[in-house]
Amino acid sequence: MTVLYAHFHPVSGGALAEETYDGLLALLTEVTPVVQALPPDAALLDVRGATRYFGHDPAGLATLLRVRALARYETDCTVGVAANPMLARMAAHDGPPGAVRTLPDDPERVAAFLARKPAAALYGVGPATARTLCSYGLDSVGRIAAAPPAVLQRILGAAQGRRIWERAHGIDPTPVTPDARARSMGAEHRFTTDELDAAYRRRALLALADGLGARLRESGQVARGLTLTVRYADGSATTRSRTFTEPTAHTPVLTATAYALHNALGLQRARVRAVALRAEGLGGAELAVHQLTFDEADDKARRVEAAVDRARARFGNGAVGPAATLDVA
DNA sequence: TCTGGGGTCCTAGGACCC
DNA sequence: TCTGGGGTCCTAGGACCC
């Protein structure tokens, strides 16, 4: 047992504040540097090496963390302790919140723990996969584990089938990865009433693109492409994505791409509940080489953007924004 | 226990290139 | 010159997690 999965919940109830979460992550790194954040309210820890230093076994370390989180942040946590991330997660979810639950490494104990669980309790099996598995009579983790891997691969596809078979046997080779860089960054705008007006949707997209660009530049990142998701009144959704000619964090490019994707959908009388933008394929801005153009307008737009970013840094995010977004925010 | 917003990963088909 | 198989990229969509 070297992996801890911690799920935090404020004693007062409600959601965890971002600053509190940051503080909790710092608290976790007091115990081990190998902490993987799972925003907004969870984390994985590899405590190999920490047990000796602190003179506690992993369960003891988990208890220590709980006490500190309560004392310093009035935040309780549920901790699972096991041999790998998947088992640690499942141990944490195996009972009421606010406890430390340990699953020993003993293969028979692990098998017994898994066998009695319903299919949907297996990490990586959600409602849809559970339905599929159950339709083949594979309604418990024990039965999934007993099925030949080839059968699961036929039902679920090669990668998913293999992974589910492994997990049903308690196997999870994924390491705890500290400092994992985000792959994408997105935001959604939900309309208060189902929106039929394309102009209003464009204003929402402008606000989203503006905010996304600011976040990208603030974090020193560029994106390779943009995805637009449109959610409709009936719960369905359409996604369209486009790759930029070069990685960028510039709001005008994001906005123009968002508009182009939106226009290409050719929505006529669609009842739109929400629009969302996601910047994909993030990378460090230092790696991006901007094609030098002699386009004066482009050059000016980038200088304006830099000035806006400086104003925001000084006066707050609400200080400056495109005029057309004012009635959407 | 549920909700929801912000994420991740996978699949599959088509285009393109070698 | 034609054929063809195998990468890789792009795009759309689905599923899952916290």
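Reminder, nothing fancy here: chain letters follow the sequence lines and each chain counts from 1. Heavy atoms only: backbone and side chains are in, while hydrogens, waters and symmetry mates are out. Model, not experiment: these values are computed from the prediction.
Taking a 4.0 Å limit (strictly below) on heavy-atom distances, residues 158-176 of chain A reaches DNA chain B at A:A159, A:Q160, A:R163.
Nucleic acid contact for A:Y21: none, since no nucleic acid atom lies under 4.0 Å from a heavy atom of the residue. As judged by a 4.0 angstrom heavy-atom cut-off over every strand, A:H9 is placed among residues making no nucleic acid contact. Nucleic acid contact class of A:T129 (heavy atoms, under 4.0 Å, all strands): sugar-phosphate only.
Paired runs in DNA chain B that reach 3 or more consecutive Watson-Crick or G-U pairs, where each pair keeps both distances under 3.5 Å, cover B:5-18 with C:5-18.
Between A:R143 and A:D139 there is a salt bridge, since a side-chain N of the basic residue sits under 4.0 Å from a carboxylate O of the acidic one. Comment: A:R101 does not engage A:D94 in a salt bridge, judged by the lack of any side-chain N to carboxylate O separation of less than 4.0 angstrom. Using a cutoff of 4.0 Å between basic side-chain nitrogens and carboxylate oxygens, A:E30 and A:R72 are scored as salt-bridged.
Judged by a 6.0 Å distance limit and a 45° cone about the ring axis, A:R202 is positioned over the six-membered ring of A:Y259.
Applying the salt bridge (charged side-chain N to carboxylate O under 4.0 Å, His left out) test to A:E188 and every residue at least two apart in sequence or in another chain returns A:R190, A:R231.
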Which atoms of nucleotides 9-12 of chain C (N or O only) lie under 3.5 Å from a protein N or O atom, and what are those distances?
{"unit_1": "C:dC10", "atom_1": "OP2", "unit_2": "A:R224", "atom_2": "NH2", "d": "2.9"}
{"unit_1": "C:dT11", "atom_1": "OP2", "unit_2": "A:T243", "atom_2": "N", "d": "3.0"}
{"unit_1": "C:dT11", "atom_1": "OP2", "unit_2": "A:T243", "atom_2": "OG1", "d": "2.7"}
{"unit_1": "C:dA12", "atom_1": "OP1", "unit_2": "A:R240", "atom_2": "NE", "d": "3.3"}
{"unit_1": "C:dA12", "atom_1": "OP2", "unit_2": "A:S241", "atom_2": "N", "d": "2.6"}
{"unit_1": "C:dA12", "atom_1": "OP2", "unit_2": "A:S241", "atom_2": "O", "d": "3.4"}

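Residue A:R278 has a polar side-chain atom (N or O) positioned under 4.0 Å from OP1 or OP2 of B:dG7.
With a 4.5 Å cut-off on side-chain heavy atoms, A:F191 and A:V275 count as touching.
Ring geometry, A:H93 versus A:H7: the interplanar angle exceeds 60°, so the pair is classed perpendicular (tilted spans 30 to 60°).
Between the side chains of A:E280 and A:S184, no donor-acceptor pair of N or O atoms lies under 3.5 Å. Between the side chains of A:Y5 and A:T78, no donor N or O sits under 3.5 Å from an acceptor N or O. Residues A:T257 and A:R242 have side chains that never bring a donor and an acceptor to within less than 3.5 angstrom of each other.
The one candidate from A:R201, A:R271, A:R269 that meets the salt bridge (charged side-chain N to carboxylate O under 4.0 Å, His left out) condition with A:D194 is A:R271.
Under a 4.5 Å side-chain heavy-atom cut-off, the cluster of Ile, Leu, Val, Met, Phe, Trp and Tyr residues that includes A:L70 is completed by A:V11.
Taking for each of A:P40 and A:A182 the nucleotide of DNA chain B with the nearest heavy atom, the 5'-most of the two is the partner of A:P40.
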* Which nucleotides of nucleotides 13-18 of chain B have their base under 4.0 Å from a protein heavy atom (B), which only their sugar-phosphate (S), and which neither (-), written as one string 5' to 3'? -> ------

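Atom CG of A:D41 and atom C1' of B:dG6 are 12 Å apart (whole Å).
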